[in-house]
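Reckoned from all heavy atoms, side chains included, excluding hydrogens, waters and symmetry mates. Numbered from 1 within each chain, the chains take letters A, B, ... in sequence-line order.
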Number of protein chains: 2
Amino acid sequence: MGFVTDAPDAKAAAADPAKRGRDRSADVKQAIRDSATQLFATQGFAATGVREIAERAGVDPALVIRHFGSKAALFLGTMTLPGSWSHAIEGPLDETGERLAAFVFDQRPRVAASGTYAALIRASDSAEVRHELRMAVHRLLVAPLRHRLEGDDRSVRAQLVVTQITGLMSALWVTEDAEMLIGSGDAVIRLYGAAMQQLITPLQAR
Amino acid sequence: MGFVTDAPDAKAAAADPAKRGRDRSADVKQAIRDSATQLFATQGFAATGVREIAERAGVDPALVIRHFGSKAALFLGTMTLPGSWSHAIEGPLDETGERLAAFVFDQRPRVAASGTYAALIRASDSAEVRHELRMAVHRLLVAPLRHRLEGDDRSVRAQLVVTQITGLMSALWVTEDAEMLIGSGDAVIRLYGAAMQQLITPLQAR
DNA sequence: GTCTATAACGTGATAGAC
DNA sequence: GTCTATCACGTTATAGAC
């Protein structure tokens with residue numbers, strides 16, 4: 001397979017076999033968590049096997065289940081959206097649209113963010129994953145953004161700006177729309193930023 | 001399970017057992033296709049079994065594979081986005097944003113459109129599905145829309161309007177964002193429509 | 001008692017024999 | 001076209017090591 005991202009042989013990162021009992025157990029659990037995070041984010045839920053996670057962590061497959069209950073629970077426990085949107089949301093209000101677009105655009109190579117989002121969307125047939133996803137998006141994006149808006153329909157507008165953001169994330173990370181990448185990032189940021197700005201600070205004009 | 005949409009017992013729709021040879025074979029194939037379309041659109045790829053598809057079509061499970069090669073190929077062959085966007089795209093240009101938003105919003109109860117889109121997105125870990133999805137979206141939305149735009153950056157703008165559309169589809173059909181439904185459809189259509197209009201007929205002002 | 005490893009079960013998709 | 005075998009999967013039962 002071969003991943004570009006990091007250590008070619010992260011196996012046996014499991015634990016110092018010299019350790020015993022609770023110490024080693026914690027290490028094993030962490031090794032499983034790390035392995036799962038990597039694999040889920042790069043391959044998704046369905047394509048990643050429990051045996052594969054275990055092998056990469058250097059432990060027995062049964063341990064994965066014993067420690068986390070099920071593959072689904074492990075997925076839910078590890079796949080959490082990283083929340084570093086504060087800078088994009090908290091700057092000057094009249095350029096927030098562009099900052100948001102630029103932020104999404106710049107995350108492209110980062111597997112932690114883009115891979116996690118894609119994995120969650122693709123696993124969203126589970127009601128639990130959908131719930132997790134909605135909560136995370138609300139906490140990280142909708143709520144902070146709504147807090148900054150002024151005027152009418154604040155809630156709906158915040159929600160809709162986030163809908164635009166997730167649309168961009170989907171295009172870049174889920175369906176991987178290549179045209180948009182070559183289509184000059186600058187234009188994307190400027191134009192999509194303006195479209196979001198329309199809902200952040202609405203113009204009276206029409 | 002119980003589906004709200006249609007015939008409670010569509011089983012044995014397979015074929016008239018009196019028929020022979022090529023005739024019956026075509027009927028069987030169609031019955032499998034119908035069954036698969038229904039089930040994939042309501043339950044998604046992973047949750048739908050070959051046995052289940054076969055039972056609903058009234059045929060042997062092995063026939064499903066024999067006729068379509070694999071479950072994945074059957075999925076690819078049946079899940080195609082319905083394309084009835086013409087009205088929304090072809091009306092007066094200065095209200096296209098609202099028409100697009102309204103069209104998406106009104107599709108909500110229709111499983112054929114919403115379920116198919118959700119199923120495709122969730123199966124988009126397959127490179128083939130991603131390709132299929134991009135082609136369909138381009139053919140149904142990006143190309144017709146770009147054809148109607150004027151001014152600079154037509155291609156990018158068309159692409160970005162479609163990004164907004166898919167964002168709305170994701171929110172309504174994939175993550176199933178409930179707040180937006182109660183959040184008064186009228187406001188959603190008006191506001192999101194305006195945001196799309198921003199890219200369809202850009203204002204010079206700022 | 002607690003953590004780990006072996007082996008086995010049930011179910012899924014699919015391939016091959018008839 | 002139908003039946004049965006195969007193989008990989010998630011998961012569990014159970015026994016071993018400290």
Side-chain angles (χ1 to χ4, degrees), chain A residues 1 11-33 35-36 39-40 43-79 119 123 125-126 128-129, chain B residues 12-33 35-36 39-40 43-78 119 122-123 125-126 128-129:
Chain A
M1 285 261 145
K11 274 185 210 176
D16 183 350
K19 285 193 187 174
R20 294 278 167 253
R22 180 154 281 119
D23 265 11
R24 159 150 173 115
S25 177
D27 284 0
V28 165
K29 202 164 177 181
Q30 189 54 45
I32 293 171
R33 220 192 296 269
S35 165
L39 292 171
F40 282 143
Q43 310 180 331
F45 179 78
T48 302
V50 170
R51 289 166 168 80
E52 196 181 358
I53 296 170
E55 191 189 9
R56 193 171 222 275
V59 304
D60 190 275
L63 278 184
V64 174
I65 302 298
R66 184 162 183 85
H67 277 296
F68 292 91
S70 71
K71 181 187 165 188
L74 174 58
F75 182 79
L76 272 170
T78 49
M79 294 283 99
D125 43 344
S126 146
E128 243 179 317
V129 171
Chain B
D16 183 349
K19 286 191 186 173
R20 294 273 167 259
R22 182 154 278 121
D23 264 12
R24 164 157 168 108
S25 178
D27 284 1
V28 164
K29 203 162 176 182
Q30 190 54 45
I32 293 172
R33 224 192 291 272
S35 165
L39 293 171
F40 282 143
Q43 308 179 330
F45 179 78
T48 302
V50 170
R51 289 162 168 79
E52 196 180 358
I53 295 171
E55 191 189 9
R56 200 184 162 81
V59 302
D60 190 279
L63 269 188
V64 175
I65 302 296
R66 198 169 178 75
H67 276 299
F68 292 90
S70 73
K71 180 185 162 188
L74 174 58
F75 182 80
L76 269 171
T78 49
R122 290 177 182 141
D125 44 346
S126 146
E128 245 179 314
V129 171

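Here the options are A/Val28, A/Asp27, A/Ile53, the test is side-chain contact (heavy atoms from CB on, under 4.5 Å), and the partner is A/Val59; only A/Val28 passes.
Within residues 63-75 of chain B, the residues having any heavy atom under 4.0 Å from DNA chain C are, by residue number, B/Ile65, B/Ser70, B/Lys71.
Note that CG of A/Asp60 is 11.5 Å distant from CD of A/Glu55, once rounded to the nearest 0.5 Å.
Between A/Gly44 and A/Ala119, the shortest heavy-atom distance links the atoms CA-CB, 4.4 Å.
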Go through A/Lys71 and A/Phe45 one step at a time and tell me if the side-chain contact (heavy atoms from CB on, under 4.5 Å) criterion holds.
-> CA-CA 9 Å; A/Lys71 181 187 165 188; A/Phe45 179 78; 3.7 Å; yes
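For the helix from C/dG1-D/dC18 to C/dC18-D/dG1, the axis fitted to the five pairs at one end and the axis fitted to the five pairs at the other end meet at an angle of 20° (nearest 10 degrees).
A/Arg56 has its side chain out of reach of A/Glu52: every pair of non-hydrogen atoms, C-beta onward, lies at least 4.5 Å apart.
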Please produce a list of atom pairs where a protein N or O lies less than 3.5 Å from an N or O of nucleotides 6-11 of chain C.
none

Cut-off 3.5 Å, no hydrogens considered: what does the side-chain donor-acceptor table look like for residues 63-70 of chain A, sequence neighbours left out?
from: A/Ser70; atom 1: OG; to: A/Ala72; atom 2: N; distance (Å): 3.4
from: A/Ser70; atom 1: OG; to: A/Ala73; atom 2: N; distance (Å): 3.0

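Scored by the side-chain hydrogen bond (donor to acceptor under 3.5 Å, both in side chains) test, A/Ser35 finds no partners at all (sequence neighbours excluded). Contacts of B/Thr48 classified as side-chain hydrogen bond (donor to acceptor under 3.5 Å, both in side chains), with partners at least two apart in sequence or in another chain: B/Gln43.
The aromatic rings of A/Phe75 and A/Phe40 lie perpendicular to each other, with more than 60° between the two planes, well past the 30° mark.
The CD atom of B/Glu55 sits 17 Å away from the C1' atom of D/dT2 (whole-angstrom rounding).
Open room surrounds CD on A/Glu128; 12 or fewer heavy atoms of other groups in view lie less than 6.0 Å from it.
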